[in-house]
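Single-structure report; data block below.
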Amino acid sequence: MKLKIYIYISLCYFSVVLISCKKESQLSLQKVEATTIPINPDIVEDSSIKAFLSPYKSNVDKEMDSILAFTPRSLTKKDSKYNTAIGNMMADAVFEMANPIFKSRTGYSFNAVLLNHGGIRSSLSEGAITTRTAYQIMPFENEVVVVELSGKQMKEMFSYLEYGKAHPISGIQITLDKDGKLKEALIQGQTVLDNETYFIATSDYLQKGGDSMTFLEKPVSILNLDYKIRNLLIDYFKKKDTIAPVRDNRFTKDQE
Amino acid sequence: MKRREFIKNTAAAGTLVGVGGLSMSTLPLETKKQITILHTNDVHSHVEPFPSNDPKYANLGGAARRLSVIHNIRKENPNILLLDAGDMFQGTPYFNFYGGELEFKLMSKLGYDAATIGNHDFDNSIDGLAAQMPHAQFDILSANYDMKNTIMDGLTKPYKVYIKDDVRIGVFGLGIKLSGLVNKRMYKETIYLDPIEIAQDMTKTLRDQEHCDIVICLSHLGYDYRNKEVISDLNLAKATSGIDLIIGGHTHTFLEKPTIVQNKKGAFVLVNQVGWGGIQLGRIDFFLDGGVTTNKSVYYNI
């Protein structure tokens, strides 16, 4: 008896003529079939793989399952447009946790935070937040860097953000008009001045041109805080009992 | 002459059977062969099923279950190629703790034949990738990453021809543009070459010199982009010829079924991708016969 462990998807037939230039081969392609097999819980796990994984798993689990905080509801980066609760949480965490470090080194604070939507690597599940959660959201080894941007570079940043993707921001307020054009862009409630410079905390990945954020590549000055974003999140979760971020009006688009 | 008549007749019978929707196994072809391609992409270190509290993929996936599925298919048809389209690394603490060793060891145990390199496979830098190569008992195929001046020199191949039941299957790998996506200090002196030009060189080599019956592109370019200027699997399929199947990755695209694209010579190319995280396994079955005709019909039952 063969276990029926996959769903055979047979949707439609396509009859097509393929002109082949293959003269040497004795074989010719006659038919192609395709199925997608879901790897679902009904499938019995191969015991040799389970046994192989077991020592690795217990070692990782011990470290990862310590509870740091709680969250009352599940959040994903696709929950809403322009800004998301999970993205706001990340940007605000960087603002709160990294600014004291920056200030201790420079004597002043940075103005805002910019991360990238694609860098939110996992959703946040309702219930306990553990060390594992921080690894899921931020599996990469990226660190916080603070760049000093000119007014011109700030404007490049706003025109990048005008595209409307919900990149995590903090300390920045953006409004698009009903056609999706930039209507207002503020940093700490102020409009950007050409002859002023601004300090933006971001990740070393984005600063080096990741996600095509080229306006970060040649800042006026740069300071690496040697603080991994994942460790920052772990510290942030430890500091808070409950993580309940909300979508707010930091990035909005006018209604039709 | 008589034999040729016979083949012609059975090919005609095949038309009826194909349209009628009956199984190929009823066809009385002498040299009928079946090659099964199994594939994953963007597994991202999900060696275990997703946790039970995951909002989207609770309890799905896992290498141990994937092997059970592969075992069952191998019992049915031993002529299997098992392929991965890159981003094997990064996404669970297993990567942070063990640097990819576990992923490569598991893929070897599962019997993978080949994989291509995804952008996240550079996440511990090219040195981190090279360090795990002793654990990979499968080929790393990359035709458009020139790694001559890196530690990976000699550890990858542009393509490989796999022979299963006398069927020659040519597989080549294509990677995504790294600048803007990966820090240069991670990929170092890896040179990205134009995927479309390289794909044409590859299909020429695989068809004309290696006399392949099936040509597969293992791609980490991404399925499709809003900006059509960005090279994707769909525009690669359109802009080239000689490829039968593109197994894609990078965009974590869940396709209900493979997309059929017409290539620049009007022939059909299948483009497939199975999401990410190992929650699905793609399966493409190629049925071949011993015909010597140069013009022929192919039925896509997808």
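Heavy-atom basis, side chains included; hydrogens, waters and symmetry copies ignored. So you know, we letter chains A, B, ... as the sequences are listed, proteins then strands, and number each from 1.
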**OP:** May I ask you to decide whether K33(B) forms a salt bridge with D165(B), counting only side-chain N to carboxylate O separations under 4.0 Å?
**Re:** yes
Original post:
Below 4.0 angstrom, N of the basic side chain to O of the carboxylate: do R207(B) and D244(B) qualify?
Top reply: yes
Subject >> Main-chain N/O of G62(B) paired to R66(B) side chain as donor or acceptor, under 3.5 Å >> reply: no
Original post:
Taking atom CG of D179(A) as the centre, does the number of heavy atoms from other residues, nucleotides or ligands within less than 6.0 Å exceed 12?
Top reply: yes
Original post:
Counting heavy atoms not belonging to K184(B), are there more than 12 under 6.0 Å from its NZ?
Top reply: yes
**OP:** Give, as side chain, backbone, both or neither, the part of F52(A) having an atom under 4.5 angstrom from any heavy atom of chain B.
**Re:** side chain
Subject >> Portion of E217(A) that has a non-hydrogen atom of chain B nearer than 4.5 angstrom >> reply: neither
Contact class of [X] relative to chain A, heavy atoms under 4.5 angstrom:
X: H39(B); value: neither
X: E101(B); value: side chain
X: L245(B); value: neither
X: V47(B); value: both
X: I279(B); value: backbone
X: F97(B); value: side chain
X: P49(B); value: side chain
X: Y98(B); value: side chain
X: R168(B); value: neither

Subject >> Least distance between heavy atoms, F254(B) atom then V274(B) atom >> reply: CE2-O, 4.3 Å
